[in-house]
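Structure first, commentary second.
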Amino acid sequence: MMSESKDFLRTIVEEDLKSGKNREIITRFPPEPNGFPHIGHAKSICINFGIASDYQGHCNLRMDDTNPTKEDTKYVEALKDAVQWLGFDWGNKVYFTSDYFPKIYDYAKELIKMDKAYVDSLTEEEIREYRGTVTESGKRSKYAKRTIQENLDLFERMKKGEFKDGEHVLRARIDMSAANMKMRDPLLYRIRHAHHFRAGDEWSIYPMYDFAHCLSDYIEGISHSICTLEFENNRDIYNWVLDTLGLELPRPYQYEFARLNINYTVMSKRKLLELVNSGQVSGWDDPRLPTLAGYRRRGYTPESIVNFCDQIGIAKANSMVDVSQLEFCIRDDLNKKVPRVLCVLDPLKVTIENYEGSEEIDASYYPHDVPKEGNRAIPFSREIYIESDDFMENPPKGYYRLTLEQPVRLRHGYIITCKEVIKDADGNIIEIKATYNPESKSGSDSSGIKVKSAIQWVSAAAAKTIEVRLYDRLFKDEAPEGIEDINPDSLQVIKNALIEPAVITEKPDERFQFERQGYFYADPIDYTDEKPVFNKIVGLKDSWAKKTKATENAPKVQAKKVHIDGEVTAMNEAQKVLFDKYTGEFGLNSEVANTLARDEDLSSFYEASLSVLNSPVGLANIVTNEVARELKQMQVSELKFTAKQIAELVKMVDDETISNKIAKQLFEEMVKTGENPTQIVEEKGLVQISDPAKIEPIIDEIIAKNPDNVAKFKAGNTKLLGFFVGQALKATGGKANPKVVNSLVADKLK
RNA sequence: UGGGGUGUGGCCAAGCGGUAAGGCACUGGUUUUUGGUACCAGUAUUCAGGGGUUCGAAUCCCUUCACCCCAUCCA
């Protein structure tokens, strides 16, 4: 299950289970079948199916198919496929919003009968105008005055198909001047004479998302309706519909999380579509795309994607995850699963002059640290190929591979030494003449030669030619806008790579690690026995490349963001008078005086308490800091405690009956119950302990129990003072006088 | 500009008044016949900025700033 810390959604779910709000957790994954699923969908799938399974509930796969002009059955297949591929189970059926059209229609009639919905006949442009803007309120359509009977009749005829598209719509009667634009009489139904891929031609009206979604959730008994952040404003409609209809509890509630963004790619359906349609990529399953079909074709495993989704967490902050996180996940998964084989991408011929004949070398498919069995024979002969990069005439410092002076081991084979470099007319190296040491064979090496590395190679005679497709990030920009940011080198095709024969003849797997290079996948579509094709899934980490390019990646000194301070709104005359009185007469600091003076509720509460107890500073502090918090959430009249009680509380602090810490606890209590603070103190015995003699033994005990922290403290970690004070306070139930504890602890640890 | 959200290292992200979790990335080191893996170590005197309350603030209060979403008969 999950690791130590829960995300906010699981926290909510657990609370709801605990409080009895829900007995069962039912979620849903509700895509619109109008595009191919991408890794952002995977995140949503993992959240919805993951939460359901964590709490022994279930998750419905539901197609949100309310717009007949955009949706298609091929997308529902792709969506089903994606969920299944990721390893989740949607039970025995796929749900469709279109199956609920009759019920949703009935609910609409309910609303009309309650006079909470009306048929509007404004044009599209008029509706837009009437809606107003974010700063100006809108105005209601004249058609909103129609009678219930008229509305019922019109709605019925809309359904029957008596009107043309756009002639009428059904709207909720909410509030045309709502600050939330979504609540300005949202549309519930529109006329659409279109063929629906499932419902056929039965309907000529279709419900809007805001109306259909909450009802579909309700119909299915969803407990937690989890969607992305852009629907936050729609939550009000969601609640309005369910509440107004007075539906039986439990009903679903909506929660939102931030959608996934990954750098160097795009995630919106629109931009993805643009890439496919413009031919920038080969199709929806192009391995460079963040579509699930793309990752799958590239060779990513579902496990790696699910793991990635788990790792990135769930929160509400818009963020952009680094691709390296995804790359880590696929490497991590494949590392423990796939066979290692030898492949040469850019071959350089090596003739081993002192070798005659041929032999087969037995080699394991897996390295010592991967607990899997399996091996194959690698043919070896006089003529072999190595990677061009693995030989250098003038190597830089730290180069471990073959050079004129430096021998190298052929992986699983012998150590060779370079004798001669053959070049063409242009000076390009075309062949190496080398010798091998017969005593150096891997596993039975008695040569005593030390080499710095082992390189991949293939026998010239036995190697198979394969096509290898190397993929790089699709965009050169971290946050690409569009096609203009495309990386022109995102695809490199190597037609004549050479691979050891067992990979082709034995087919031990579909995914391989080509040693020292990366993970590769036999392309599920283009691969044939005559012409094998492999896709590069991801490269191995390459600390050599990193070193050689260190200068490029190293310096990125970021300028600290300059912070601009805005202007504070000026106080009006009355506020100024108060402010002067507070700072002058009462001796409050300007910040507290400022807060009080600007808020009428606060200042009158303050003055009321002040008339009971003459402790201007103490009262001001608690009113500004504690009472203010409560007043953010409710009216003065709703407060359970009174100004007089606050005065009582402050009095006890003033005469040191209680500490500030206890005062806060008391305040919390008063907020909830409205009980008198003196009474609570009496009942619970919260009088502060200031006698050092009583506190000392407690501190001694804590010091004895935490020798590590004592040592750290004495070594200079003074932050730990808080730890000791905290422990002491905890031990006394908060009653110890923190000032006394503080000085005592400081003393003892000196 | 009205409303709704969000700001914690290079990138994600815990934390909700008492020692700034964890992962990725990065830097050293050990192991290694993959410059891989694994393992060990290092990396935030500080939580968007500024004030305030408190013995003690990333957490509470005030204030400023930045970014995202909302004016589709899309979802």
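Note on naming: letters A, B, ... go to the chains in the order of the sequence lines (proteins, then strands), and numbering restarts at 1 for each one. As a basis for the values below, the full set of heavy atoms in this structure was taken, side chains included, without hydrogen atoms, waters or symmetry mates.
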Starting from the C-alpha separation in whole Å, work towards a yes-or-no answer on side-chain hydrogen bond (donor to acceptor under 3.5 Å, both in side chains) for A:Asp217 and A:Ser225. CA-CA 7 Å; A:Asp217 283 347; A:Ser225 181; 2.6 Å; yes
Closest to the side chain of A:Ala315, out of B:C55, B:C73, B:A14, is B:A14
Have a look at A:Asp369 and say if it touches a base, only the backbone sugar-phosphate, or nothing, with a 4.0 Å heavy-atom cut-off.
base
Query raised in the report: Is a donor-acceptor contact shorter than 3.5 angstrom present between the side chain of A:Lys661 and the base of B:G18?
Result: yes
B:C39 -> Watson-Crick or G-U wobble partner, both distances under 3.5 Å, gives B:G29
Could you check whether the side chain of A:Gln325 and the base of B:G23 have a donor-acceptor pair of N or O atoms closer than 3.5 Å, going by distance alone?
yes
Hey, does the side-chain of A:Asp236 have a donor or acceptor N/O within less than 3.5 Å of a partner on the base of B:G4? no
* To do: Examine the base of B:U34 for any acceptor or donor lying under 3.5 Å from a partner atom in the side chain of A:Arg516, and report the outcome as yes or no.
  => no
Measure the distance between the ring centre of A:Phe328 and the centre of the six-membered base ring of B:G23, then answer whether it is under 5.5 Å with planes under 30°. no
Item to complete: Could you measure between the two C1' atoms, the one in B:C62 and the one in B:U54, and give it in whole Å?
Response: 16 Å
For B:A57, the nucleotide meeting Watson-Crick or G-U wobble distances (both under 3.5 Å) is none
A:Lys632 has its side chain closest, among B:G7, B:C62, B:U33, to B:C62
Counting just side-chain N and O atoms, does A:Thr133 come under 4.0 Å of either OP1 or OP2 of B:U1?
-> no
A:Asn234 has its side chain closest, among B:A75, B:C73, B:U34, to B:A75
A:Asn709 has its side chain closest, among B:G35, B:U19, B:C60, to B:U19
A:His368 has its side chain closest, among B:U27, B:G36, B:C55, to B:G36
Parallel, tilted or perpendicular: which describes the rings of A:Phe231 and A:Tyr209, with under 30° parallel and over 60° perpendicular? tilted
Practice prompt. Please state whether the base of B:U53 and the side chain of A:Thr624 form at least one donor-acceptor pair under 3.5 Å?
Written response: no
Please find out if less than 6.0 Å separates the ring center of A:Phe713 from that of A:Phe723. no
For a quick check, tell me whether the side chain of A:Asn742 and the base of B:C55 share a donor-acceptor pair closer than 3.5 Å.
yes
Kindly say whether, by distance alone, the side chain of A:Arg331 makes a donor-acceptor pair under 3.5 Å with the base of B:G36?
-> no
(message) With hydrogens left out and only the distance checked, is there a donor-acceptor pair under 3.5 Å joining A:Asn180's side chain and the base of B:G2?
(response) no
| query | Under 4.0 angstrom, heavy atoms only, what part of the nucleic acid is A:Val321 near: base, sugar-phosphate, or nothing? | reply | sugar-phosphate
Say you pick atom C1' in B:A57 and the same atom in B:G50; how far apart are they, in whole Å?
-> 15 Å
Only residue of A:Phe155, A:Trp203, A:Tyr118 satisfying ring-ring contact (aromatic ring centres under 6.0 Å, His included) with A:Tyr189 is A:Phe155
| field | Donor-acceptor pair (no angle test) under 3.5 Å: A:Glu567 side chain, B:U64 base | value | no
Taking B:U64, B:G18, B:A57 as options, the one with an atom nearest any side-chain atom of A:Lys664 is B:A57
Across every strand shown, the nucleotide meeting Watson-Crick or G-U wobble geometry with B:A13 (both distances under 3.5 Å) is none
### Message
Looking at A:Arg190, I'd like to know whether one of its side-chain N or O atoms comes within less than 4.0 Å of OP1 or OP2 on B:C74.
### Response
yes
If you take atom types as modelled and just measure distance, does the side chain of A:Lys739 reach the base of B:U54 with a donor-acceptor pair under 3.5 Å?
no
key: Polar pair under 3.5 Å, donor/acceptor by atom type, side chain A:Arg411, base B:U34   = no
If pairing means Watson-Crick or G-U wobble with both distances under 3.5 Å, then the partner of B:C47 is none
* For A:Tyr209 and B:A75, say yes or no: do the ring centres fall under 5.5 Å of each other while the ring planes differ by less than 30°? => no
Any A:Ser453 side-chain nitrogen or oxygen under 4.0 Å from OP1 or OP2 of B:U33:
no
